[in-house]
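As structure tokens, the structure follows; a few thoughts come after it.
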Amino acid sequence: MNIVVVESPAKAKTINKYLGPGYEVLASFGHIRDLPAKDGSVEPDNDFRMVWEVDAKSNQRLNAIAQALKGADKLILATDPDREGEAISWHVLEVLKQKKALKDHEIQRVVFNAITKQAVTDAMKHPRAIDAALVDAYLARRALDYLVGFTLSPVLWRKLPGARSAGRVQSVALRLVCDRELEIEKFVAKEYWSIAAILATPRHETFEARLAGADGQKIQRLDIGSGAEAEAFTRDLEKAIFRVANVEAKPAKRNPPPPFTTSTMQQEASRKLGFSPAHTMRLAQRLYEGIDIGGETVGLITYMRTDGIDLAPEAVTALRGMIGKQYGNNYVPETPRIYHNKSKNAQEAHEAIRPTDPNRLPADVAKRLDRDQARLYELIWNRAVASQMQSAELERTTVDIEAKVGSRTLELRATGQVVKFDGFLTLYQEGTDEISEDEESKRLPAMSQGEMLEKQAINSSQHFTEPPPRYSEASLVKRMEELGIGRPSTYAAILQVLQDRGYVRIEKKRLMPEDKGRVVVGFLESFFQRYVEYDFTANLEEELDRISNNEIDWKKVLHDFWVGFIGAVNEIKDLRVTQVLDALNDLLEPHIFPQPAEGGDRRKCPNCDTGRLSLKLGRFGAFIGCSNYPECNYTRQMTPGANGGVNGTKVLGEDPVTGLEVSLRAGRFGPYLQLGEQSKEKDAEKPKRAGIPKGLAPDDIDLEKALGLLSLPRDIGPHPEDGEMIIAGIGRFGPYVKHDKTYANLDANEDVLTVGLNRAVALIAEKRANPGKGRRFGADPGRALGEHPDKGGPIVVKKGRYGPYVSHDGVNATLPADITPEDVTIEQAVGLLEARIAKGGGKKPSKKAAAKKAEKPAKAAKEKNEAIEPGKAQPKERAKSAAKSRAKPAAKAPAKPKKPAATARKVSAAE
């Protein structure tokens, strides 16, 4: 018997079918051990010794592997073909050695790039040993990420309350986003004009030509900088005579792009399909692990974590054959296209991502996939097929036009392009991150040199230069790859971590830095500048790549990094928070202290006029406050625009009942309304305040609206059945009406200030008839994933108050951030539920059962007391017993079970 170890149960099930009798395939469920999340897991002073911990669930799985090995001759480690896969195999082997489960077993390592019967059986014929260099590269990365995270993050917590963490690559990626935002804030728009003529040939065919020169001088895009200049050119062109000076037509070829790497797949899926990198990788994992076709599970694409662009010779042959059959032989180039890897790290570069069989057409496969999986498969198929198709043949035409007005000569130019043979363009055209007008794609009418042209119109247009665009997820991945920051397996995880930490948000598909993220980057740039430099991070990545190529010792890389890094940390340990804030005030001044419209000191307090505004830190993060606190209690959020445009205090009027001033103010948590002023007397009551409902702009609030919001909660009227008052108010879930203990949410288009009694009664009646409807009551019925494979009964994925979770027989397990409710599989759900049970999260007993259980000791105690003879000594004895009980130290609580590892392979969050 041969024991084969892979990562996932789905993969195990498929490969077991391929190999048949004589093989038993078991799953490790991803990484089986990791560095404990505490100090001391990596010991720099002890030659970087690493302390590994196996969680309880993984230990059970390893015990099952060890048990299976008792009757086996061979252990075959068949985890993924990348660095992480090599590390999983190494971990499994090391733990089995510690368990003394290996006797005379032969140890083999096999890798395959696709989960197909041929790929797996071929791999079994070519085993090798575990690649020590790849394992060393993994150890170095893991140690670096741990040392940075667990050394730098505590410094952040002490110096910047509200900051979550810092990471070796994560912080540099965050800096990219923040630097771009700073560019945008500092950008000054410049005016420029463009001038175009609509001209007609003698055959009455019209086209557009742009002004390109005047009096022998070229005119560049920004050269016409004012309306007056534009008007002078327009005036001359209106009177000009136009003639074709030159026509030049050149043939051109456009070659297809290479097949996908991990990063280019993520970029194109983001541009064309709107997928996040994390979602793309989840879908690609499913396509790699395969679907059932004709009773056999087959992987649809090759391994999806790669920076290689080459294709296997047999894949090229299959692609060319399919192209000839589907599109015709004229779409097949004479010789196969060979793509060469740019990656210096050849040992970690694998074949490009492609369909395992190009004859599985997207339309045929789509019937067996969900919509997103089918769309991604089609994108991968199109790109791979196009990469082996004939080039597109184009003709690019440039027409130079002479405009004579008196003694002056102006030059105009028209460009166009014609596709003579579409080639690969019949199937695929690569996307771009920015939308731009492609003038060359326009088709020009036929013209000849010396031909006169008729003026139809002269148009001048005003433009302003625009700041660089914010990064999309696709363009950030592209920029990180260009700079050499991170590696294919880490891009999706880095972007996810930045969002999970609250450092960035996605708005209109663009990455926007949050104030928290900008403060963290500002701190790191001020005090750890070297470690967030792009070149330093890229050079360190190259050093790690050299380890995997067996060119350098991994511990030397760690030592060289650690000496400088711990020195930088020790230098700022005694740094006071005020020094940190002063540095951040200077660095972030353009962002947090914008220049007032009327000019003057940008940091002068608008409330007291004498104080200075400064960055301050609270338990919930950074905000802006006045130096005259507590005499001046002015505060606002870090970004002035974050308060809906409210800056300081805006007086709306006077309350006619109390005579107190009603004001709209900017607070640390957003704009709010206030009635009156805070008294400085001790124990004085705070003035009444009210938040601004979601969807209501501060600019739309007048005195009447403000008084209404300050009056909440308000009485609507008595309920017609019992006479009890129905009230309306705004709670944590938005506007509501309430009767007795029943709350009912208002619809988005209903006003809490004007909702009437009839509507309120109807809402409450509807809520009582459907208690599960709405956000405040009832549970989401969820979506059934299938029957539990071991215990039976349905496993359901639901949306809960604290996020999505899976549920089975009273046990609930929260979904991790990298798994969505739409993508969770039955195998992942089982793993999460088992992990939850291992932590003590089993099914809770019913109230009836709990009451019955509590009844037994109470009954026994009662019987014991009744057995004692009544007398004066009893209270005294009980008092002694109680005193003894109080003096007795509390029993030590049982150790909390350690958190089990996730069932799916994860990339380090610090990376």
Side-chain angles (χ1 to χ4, degrees), residues 1-9 11-12 15-16 23-38 40-43 46-111 127-143 145-146 554-555 827 830-831 834-835 838-839 895 897-908:
M1 177 64 72
N2 299 320
I3 302 301
V4 182
V5 176
V6 297
E7 293 96 336
S8 75
K11 191 173 172 182
I15 294 172
N16 216 90
Y23 291 87
E24 184 180 356
V25 187
L26 301 173
S28 71
F29 285 77
H31 275 290
I32 52 100
R33 63 178 185 173
D34 200 0
L35 299 172
K38 61 183 181 182
S41 295
V42 178
E43 302 174 1
N46 192 12
D47 199 27
F48 295 96
R49 176 176 172 267
M50 301 170 78
V51 180
W52 301 100
E53 180 180 78
V54 180
D55 66 88
K57 204 64 192 173
S58 292
N59 195 47
Q60 289 178 23
R61 296 183 184 116
L62 287 163
N63 286 339
I65 295 171
Q67 184 67 28
L69 282 168
K70 288 182 179 179
D73 303 315
K74 191 184 295 182
L75 172 64
I76 302 172
L77 302 165
T79 48
D80 285 341
D82 61 356
R83 182 184 64 246
E84 292 291 312
E86 205 74 20
I88 292 171
S89 285
W90 175 79
H91 278 302
V92 169
L93 187 58
E94 290 296 301
V95 175
L96 289 176
K97 286 178 182 177
Q98 292 171 13
K99 290 179 176 288
K100 298 182 179 178
L102 298 170
K103 306 297 182 186
D104 299 323
H105 297 86
E106 184 182 352
I107 311 299
Q108 294 182 349
R109 171 80 170 110
V110 301
V111 293
R128 60 169 173 81
I130 285 181
D131 191 322
L134 277 183
V135 174
D136 287 348
Y138 159 79
L139 293 173
R141 287 176 182 274
R142 191 69 193 89
D145 293 337
Y146 172 89
W554 69 281
K555 290 184 178 179
E827 292 85 2
V830 169
E834 288 177 353
K839 287 179 67 178
K898 289 173 181 170
K899 187 175 181 180
T903 57
R905 196 187 84 187
K906 288 187 179 179
V907 178
S908 164

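For reference, positions follow the sequence shown, starting with 1.
- To the nearest 0.5 Å, atoms CD1 (I32) and OG (S89) are separated by 10.5 Å.
- Scanning for side chain to side chain contact (heavy atoms under 4.5 Å, CB included) contacts around S8 gives A10, K11, E289, with sequence neighbours left out.
- If you take CD1 on I65 and CG on L26, they are separated by 5.5 Å, rounding to the nearest 0.5 Å.
- The aromatic rings of W52 and Y138 sit parallel to each other, their planes meeting at less than 30°, with 60° as the upper class boundary.
- In summary, K555 and D136 do not engage in a salt bridge, as defined by a charged side-chain N under 4.0 Å from a carboxylate O.
- Here the side chains of F48 and M50 are not in contact, with every heavy-atom distance at 4.5 Å or above.
- A donor-acceptor pair is defined here as one N or O able to donate and one able to accept, closer than 3.5 Å; no such pair exists between the side chain of N59 and the backbone of V54.
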Take I130 and E86 through the test side-chain contact (heavy atoms from CB on, under 4.5 Å) and record every step on the way to the result.
-> CA-CA 7 Å; I130 285 181; E86 205 74 20; 3.9 Å; yes
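- Formation of a donor-acceptor pair under 3.5 Å by the D80 side chain with backbone atoms of D82 is not found in this model.
- One distance of note links CD of E7 with CD of E84; it measures 10.0 Å at 0.5 Å rounding.
- Remark: the backbone N or O of L77 is paired with a side-chain donor or acceptor of R109 at under 3.5 angstrom.
- The CG atom of L75 sits 4.5 Å away from the CD1 atom of I107 when rounded to the nearest 0.5 Å.
- In terms of the side chain to side chain contact (heavy atoms under 4.5 Å, CB included) criterion, residue partners of E94 (sequence neighbours excluded) are, by chain and number, R33, W90, K97.
- Although no hydrogens or angles enter the test, the distance criterion places a donor-acceptor pair under 3.5 Å between the side chain of D131 and the main chain of A133.
- In this structure, V5 and I88 have side chains that are not in contact, with every pair of non-hydrogen atoms separated by 4.5 Å or more.
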CA sep, side-chain torsions, deciding dist, call: K99, N63, side-chain contact (heavy atoms from CB on, under 4.5 Å) = CA-CA 9 Å; K99 290 179 176 288; N63 286 339; 2.8 Å; yes
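- To the nearest 0.5 Å, atoms CZ (R83) and CG (L139) are separated by 11.0 Å.
- Checking side-chain atoms of H105 against main-chain N and O of K103 turns up a donor-acceptor pair under 3.5 Å.
- In this structure, the side chain of S41 engages the main chain of P36 through a donor-acceptor pair within 3.5 Å.
- When side chains are defined from C-beta on, V42 does not count as touching R142, because their heavy atoms never get closer than 4.5 Å.
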For residues 67-74, please give each side-chain donor-acceptor pair under 3.5 Å, one per line with the distance, not counting sequence neighbours.
| unit_1 | atom_1 | unit_2 | atom_2 | d |
| --- | --- | --- | --- | --- |
| Q67 | OE1 | K70 | NZ | 3.3 |

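- In terms of heavy atoms, V51 sits closest to L35 at O-CD2, 3.5 Å.
- Between V4 and A78, the shortest heavy-atom distance links the atoms CG1-CB, 3.8 Å.
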